[in-house]
Every structure is written in C-alpha cells, then in structure tokens.
Amino acid sequence: MKSMRDNRRWLGIVLLIVASSAAAPAAESPRARPSRLAGRVPLAVVQTQGSEAAPRDAELRETARRGIAALMNGDPDGAIEIFQQIRKADPQSPLGYLFEADATWWTIYLTTGNLVDPDVFDVARSSTSPYDSHFEDMVNAAIRKANARVHAHQDEARNYLYEGMAYGLKGRFYGLRDNDLPTARAGKKMRALLLTALKMDPSLEDAYLGLGIYNYFVDTLPTIVKMLKFLIGLPAGGRELGLEQLRRATDKGDLVRDEAKFYLAKDFSRSSEAEFGKSLDLFQQLAREYPDNMLWTLLVGSLQIRLGHTQGEDLYREAFTKTKGMQSEVGQALHREARKALARRHPNERFED
C-alpha cells in the first residue's frame, strides 16, 4: 500500500514541471537575473507611433523574474501582487495569469501539503482549499490567452510554451488531489506543447525542466506507467535523460533555475537514488539565496538528519522559532510543519507557540 501511495504521489511530479518555464530570448544572458531585493518598478512600455502599446514579452518576463524571486523567498502573496502588474500591463498576455496561478498553487501546497517527509514530493492533507477557485480561474485564462496567440501566429513558440506551462499547473493541482488519470492527461498534453515549442525555437532552455521531470517520472514508476500507457498512450521516458535535462535547466535556465534545483534535489533525495549529499547541496543553495523561505531550511534539516548530521535538528528549531507568531497562512503552515518535525524526534517534549 505504501508503494502504491508513493507512486500516486510521484505521479503528481510529472506536472511539477513548468511552473516557471518562460525562457529568456537569445539576446539575454541565461545567468542574468534581478536581485531578490529588487524594488517593484513600473513595467517599461513600448512606444508605437506616439501612443502606448502593450509591453513586449521580454519586459513582462523581467517583471516575472521579480515575482518568482519573491515566491522562492516564501512570499506568494507578494509574488501575486507582482504578477498582477503583468496582467494590468497586458491583459491579453498569458504570462501574468500563468504565474499568478503558479503562486496560488504554491500557496495551496504550502498550506495543505506534507512538506518535510523526504520520500513525499507533494501530498495534500485536504481535498479542497479556499484558493482552488482562484487557481482554476487563472490557469484556464492562461490557457485561453496562450492558445489565442498561437492561433493568431503571435510569437508562437513562446505561447506554445506558456500553454504547456498552464497544462502543467492543472496537472499539479490534480496531483495534489490524487486524481491520477487527469494528472497524466495534463502531463501528456504539456509534454507535446513543450516539444512543439522547442522544435520552433531550440533556445527555450527552460522547457527542459518539464521534459526532465517527465522523462524521469515515466522511467521510475513502471507499475503506474504501464497502466497509463494502455489507457492514454503515455509516451515513454528515461531516467538518465530526465536527470540530465533537469541539470540543463538548472545550469542554463532563466526563470526556472531555482525550481529546477528543487525538483532535482527531490529526485536525488529519493531512497531509490540515495544521492543525499547532492540533494543537500542543492537545497543549501536555495536556502542561501532565499533565506526568508523556511521551506528550504526545513528541507536542509531533513537531509542533514538523513546524513546523520546533528545540525539538522537545529535547523528544524530555527524554522520553528522564525515562523512563530507569523500572521500569514503560509507562515503558520510552515510553523506547524516545523513543530511536527521536532515532535517526531522528541515525542515527549512540548513545543509551545
């Protein structure tokens, strides 16, 4: 039963793929990124024949980078505010809707998920959340707007990418709810869109995050995969190829680099991989860059404990202390997870709020 349940959890991974997969244009350095402390500056606007036009996609992505930094630093509410700037600047662009859906998914995950257990990738404690309807509104809007631009032949490769990202988010949502078949269907659709985007524009390096997770997943869940191959014709994958594509997204990606580290670290932390040192290094990188996000602190602590390092428990206590008294729902959820992690190690000790 545990094996089947773990398989169901990992089915959701295939959709944890392109949550932030918009790639930079060739003229931009793949290493270029704004400081996580960058201010919220207005979007630049293109001037056309003396009147204002919608910002170019490159400018929208620059704003998205600031939102992603806020999200990775544990502030989904602040990230949503930034992504709403994109929606206001260009209501026809799928980008703002897409990333607002992404930030909403992370809110759902952080407030309902099992965040510390090393062999669990994503699992919700409840079948619904107050954020579900908003997530669905945003992700469906992103799909519509990306599809409309594809049909209008407007920057087709990038909008295939955005549409694929949106299907990936839908699958992540289904994965939290243990709805296996719709999760797999969304993953298959996502994969096809990502491959189309790359065929049209091979410079879209961020697409390798989704492809990497897909290929790794399909090759490491043989029982479920056999069933899904029969039911929906799920394409085959490859474990080594998947890991290599995740490394590529980590090294060469633009908007997805940090999430690629997260997914690659989770793969390495699986008992079947047992690359705990590599996983620890990746989570430590995230913790250094985004010190306000106690999720990274908890995950580093979990890996330290698996490696037999005494400082792992100190990190649990650090997360517990720093989240104490937080008013946000995300902060309170992380506080509960830190308390749970400590209580497992000290069942007779009381951890006061």
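The shown structure was predicted, so the numbers you read here are calculated from the model rather than taken from an experiment.
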> What residues form a side chain to side chain donor-acceptor pair (under 3.5 Å) with E100, not counting sequence neighbours?
Replying inline: Q84, R87, H134
> Are side-chain N/O atoms of E259 and Y263 paired as donor and acceptor at under 3.5 Å?
Replying inline: yes
> Would you say the side-chain atoms of E163 and N159 include a donor-acceptor pair closer than 3.5 Å?
Replying inline: no
> So, for A70 and G78, which heavy atoms are closest and what is the spacing to 0.1 Å?
Replying inline: CB-C, 4.5 Å
> What's the spacing between D155 CG and R56 CZ if we round to 0.5 Å?
Replying inline: 11.5 Å
>> Hydrogens and angles aside, do Q245 and N215 bring a side-chain donor and acceptor to less than 3.5 Å of each other?
In response: yes
> Yes or no on ring pair (Phe, Tyr, Trp, His ring centres under 6.0 Å) for F173 and F135, after CA distance, side-chain angles and deciding distance?
Replying inline: CA-CA 9 Å; F173 181 76; F135 169 83; 5.0 Å; yes
> Any idea how F320 and H335 line up, ring-wise: parallel (<30°), tilted (30 to 60°), or perpendicular (>60°)?
Replying inline: parallel
> If Ile, Leu, Val, Met, Phe, Trp and Tyr residues are connected whenever their side-chain heavy atoms lie under 4.5 Å apart, and connections chain through other members, are M138 and L60 in the same group?
Replying inline: no
> Can you list the steps and then say if F262 with L299 is a side chain to side chain contact (heavy atoms under 4.5 Å, CB included)?
Replying inline: CA-CA 10 Å; F262 173 53; L299 290 171; 4.0 Å; yes
> Between G164 and M190, what is the shortest heavy-atom contact and its length?
Replying inline: O-CG, 3.4 Å
> E318 versus K322: any side-chain heavy-atom pair under 4.5 Å?
Replying inline: yes
> Going hydrophobic residue to hydrophobic residue with side-chain gaps under 4.5 angstrom, can you get from L169 over to Y97?
Replying inline: no
> When you look at R65 and D254, which way does the salt bridge (charged side-chain N to carboxylate O under 4.0 Å, His left out) test go after all the steps?
Replying inline: CA-CA 9 Å; R65 291 182 186 98; D254 176 25; 2.6 Å; yes
> Parallel, tilted or perpendicular for W105 and Y109, by the 30°/60° rule?
Replying inline: parallel
>> Any carboxylate oxygen within less than 4.0 angstrom of a Lys/Arg side-chain nitrogen, looking at E313 and R317?
In response: yes
>> Set out, in order, the CA-CA distance, both residues' side-chain angles and the distance that settles side chain to side chain contact (heavy atoms under 4.5 Å, CB included) for L315 and L298, then state yes or no.
In response: CA-CA 7 Å; L315 291 172; L298 287 171; over 6 Å; no
> Do you reckon I80 sits in the same ILVMFWY cluster as Y162, going by side-chain contacts under 4.5 Å, direct or chained?
Replying inline: no
> Rounded to the nearest 0.5 Å, what separation is found between the CG atom of L194 and the CE atom of M165?
Replying inline: 9.0 Å
> Passes side chain to side chain contact (heavy atoms under 4.5 Å, CB included), R185 versus K188? Steps please.
Replying inline: CA-CA 5 Å; R185 283 175 173 156; K188 181 181 176 182; 5.8 Å; no
>> Quick one, V330 with L334, criterion side chain to side chain contact (heavy atoms under 4.5 Å, CB included). Give me CA distance, side-chain angles, the key distance, then yes/no.
In response: CA-CA 6 Å; V330 167; L334 288 166; 4.1 Å; yes
> Is it the case that E329 and Y131 place a side-chain donor and acceptor less than 3.5 Å from each other?
Replying inline: yes
> Should T323 and Q332 count as side-chain neighbours, where that means a heavy-atom distance under 4.5 Å?
Replying inline: no
> Looking only at heavy atoms, which two atoms of S279 and F268 are closest? And how far apart?
Replying inline: CB-CB, 3.8 Å
>> Contact between L264 and K261 at the side-chain level, heavy atoms closer than 4.5 Å - yes or no?
In response: no
> Got a sec, which pairs hit ring pair (Phe, Tyr, Trp, His ring centres under 6.0 Å) with one end in residues 57-95, sequence neighbours left out?
Replying inline: F83-F99
>> Between the side chains of D57 and R61, is the shortest nitrogen-to-carboxylate-oxygen separation below 4.0 Å, so that they form an ion pair?
In response: yes
>> Donor-acceptor pair, distance only, cut-off 3.5 Å: does the side chain of D292 make one with the backbone of N73?
In response: no
> Below 4.5 Å, heavy atoms only, C-beta onward: do N293 and W296 meet side chain to side chain?
Replying inline: yes
> Got R149 and P94 here, is their nearest side-chain heavy-atom distance under 4.5 Å?
Replying inline: yes
>> Once rounded to the nearest 0.5 Å, what's the spacing between atom CG of D267 and atom CD1 of I213?
In response: 7.0 Å
>> The test is salt bridge (charged side-chain N to carboxylate O under 4.0 Å, His left out); show your working for R172 and D102 and say whether it passes.
In response: CA-CA 10 Å; R172 290 168 61 180; D102 179 36; 3.1 Å; yes
> With the 4.5 Å side-chain cut-off for hydrophobic clustering, are L115 and M326 part of the same group?
Replying inline: no
>> So, taking the atom named CG in L161 and the one named OG1 in T196, what distance separates them when rounded to the nearest 0.5 Å?
In response: 11.0 Å
> A157 and M200: which non-hydrogen atoms are nearest, and at how many Å?
Replying inline: CB-CB, 3.7 Å
>> Please give the remaining members of the hydrophobic cluster of L241, linking ILVMFWY side chains under 4.5 Å, ordered by chain and number.
In response: none
> Do R247 and L243 have side-chain heavy atoms sitting under 4.5 Å apart?
Replying inline: yes
> So how far is it from M294 CE to T321 OG1, rounded to the nearest 0.5 Å?
Replying inline: 10.5 Å
> Below 4.0 angstrom, N of the basic side chain to O of the carboxylate: do R257 and D206 qualify?
Replying inline: no
> Would a distance-only check, ignoring hydrogens and angles, find a side-chain to backbone donor-acceptor pair under 3.5 Å from N140 to E136?
Replying inline: yes
> Quick one: which of V218, D219, T220 gives a side-chain contact (heavy atoms from CB on, under 4.5 Å) with Y216?
Replying inline: T220
> So how far is it from I108 CD1 to R177 CZ, rounded to the nearest 0.5 Å?
Replying inline: 6.0 Å
> Are the side chains of L181 and L228 in touch, meaning some heavy atoms are under 4.5 Å apart?
Replying inline: yes
> Under 3.5 Å, is there a donor-acceptor pair linking the side chains of S129 and D132?
Replying inline: yes
> Any side-chain heavy atom of T63 within less than 4.5 Å of one from R66?
Replying inline: yes
>> If the threshold is 4.0 Å, N to carboxylate O, is there a salt bridge linking E273 and R270?
In response: no
> Which heavy atom of A260 sits nearest a heavy atom of L209, and at what distance?
Replying inline: CA-CD1, 3.7 Å
>> How close do Y290 and M72 get, counting heavy atoms only, and between which atoms?
In response: CB-O, 3.4 Å
